[in-house]
Amino acid sequence: MKTKAAVLWGPNQDWQVEEVELGDPVAGEVQVRLAASGLCHSDEHVRVGDLPMVEPGDWPFIGGHEGAGVVTKVGPGVTSVQEGDHVVLGFIPSCGRCPSCATGHQNLCDFGALLLTGRGIADGTNRIHVGGKPASPMCLLGTFSPYVTVHESAAIKILDDIPLEKAALVGCGVTTGWGSSVYAGGVKPGDTVVVVGCGGIGQNAVQGARMAGARYIVAVDPVPFKREFAKSMGATHSYASMAEALEPLTEITWGRGADVVVISVGRIRGEHIEEAVALSAKGGTTVVTGMGSLTETDVQLNLFMFTMQQKRLQGAIFGGANPRYDIPNLLRHYMEGALKLDELVTRTYKLEEINQGYADMNSGANIRGLVLFDDADY
Ligand code: CXF
Ligand code: ZN
């Protein structure tokens, strides 16, 4: 079918909304008509070249990996969803059978190794073409388009009464942030948690910490609006920098420091690590959720203190969450009023306004920008 998508033709270019040819689902795939797609920082990382998801010969690239919608077609052999089902697209597929999935680590599903290839899991071919050229969709999804054809391992069925435009957010940002506190950080009642970087991920680390029963939640962000917003998500204190947070944190924790520090800055660098780990208590955990450069290997860390105070440094993808369990579970929390989703969307955009959406993200104006699709798009 012919539809449209936001396409990148090379690094550092603007998104171009143009006509694309979307293939029907082959065996194991489904087609989904999307209601909305979130504007996550990772697509911007691809655009500026921090995340080299596209090999030089593999442009164009179709962005977007945070979407929800209704299944419109299923390919042969699909058993987990059927036409008419409402689904959230998990940016990491979960096959349910590989060793990671089978041991409760669906965020590490073996299919994840294919995410950067741009080619379909089912048969290794591309399902989207632009001007006759095969295109690579972000995380094998490409949700900056009213329709996607994806592998069934990425389509998570949800209840029909959940608003799809809110459900889209749990496909990446919400679950990544929430899980960073709850799973990767293991926040317990009474803990003190520091969240460094309070954008679309960090705000959800704050609400994850709140829901896990943290006593103090310290939000760190240079943007005053994000610090204020973090208070509405459950932060008890907020500071513009880690340096500013150190003294008051030491005071409220009677000298111990934070049980959990989550680093959720837009672009993580090696020098952030020691500063964050220094905020953590003896035996504390520092969770690295923010995205760094693929080629950067230098990290600053005081190894003496790290060993002597038996600290932990924990990487986290999708917050350590299991898409097939956590996506429906978080949406249930939302429907029960315990998880805030509505408030996270600062502004909605037409697909054609996507460059404005990313400009707003980069200027610090948005917690989450959301592309909404309507009848005119389908
Ligand atoms: C990223 C992680 C690296 C691959 C692209 C998606 N996560 C969320 O935005
Ligand atoms: Zn994302």
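When a ligand or atom number is given, it counts from 1 through the structure's own listing order.
- Against a heavy-atom cut-off of under 4.0 Å, Cys40 is close to the following atoms of ligand 1: 9 (O).
- Between the side chain of Glu152 and the backbone N or O of Ser80, at least one donor-acceptor pair lies under 3.5 Å.
- At least one heavy atom of Ile317 sits under 4.0 Å from some atom of ligand 1.
- The main-chain N or O of Gln106 is never found under 3.5 Å from a side-chain atom of Ser100 such that the two would form a donor-acceptor pair.
- Residues Leu249 and Leu279 have side chains in contact (heavy-atom distance under 4.5 Å, counting atoms from C-beta outward).
- Below 4.0 Å from some heavy atom of Met138 lie the following atoms of ligand 1, by number and element: 5 (C).
- Considering only non-hydrogen protein atoms, atom 9 (O) of ligand 1 sits nearest to Ser42 OG, 2.5 Å.
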Worked verdict on Glu18 versus Trp9 for side-chain hydrogen bond (donor to acceptor under 3.5 Å, both in side chains): CA-CA 11 Å; Glu18 47 192 297; Trp9 285 93; 2.8 Å; yes
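- When heavy-atom distances to ligand 1 are checked against a 4.0 Å cut-off, Phe318 has no atom that comes that close, whether in backbone or side chain.
- Taking 2.8 Å as the criterion, His41 does not count as a coordinating residue of the Zn ion (ligand 2), since none of its N, O or S atoms falls below it.
- Near Met291, meaning under 4.0 Å from one of its heavy atoms, ligand 1 places the atoms 1 (C), 2 (C), 3 (C).
- For the pair Arg47 and Tyr358, the cation-pi test (distance below 6.0 Å, angle within 45°) is failed.
- Those atoms of ligand 1 that come under 4.0 Å of a heavy atom in Cys139, given as number and element, are 5 (C), 6 (C).
- Of the possible polar contacts, one joining the Asp259 side chain to the Thr192 backbone as a donor-acceptor pair under 3.5 Å is found.
- Looking at Cys172, Gly200, Gly173 and measuring to atom 8 (C) of ligand 1, the nearest heavy atom belongs to Cys172.
- For Cys172, the nearest N, O or S atom to the Zn ion (ligand 2) falls under 2.8 Å.
- With Pro93 as the partner, the side-chain contact (heavy atoms from CB on, under 4.5 Å) test is satisfied by one option alone out of Leu114, Ile121, Asp110, Val150: Ile121.
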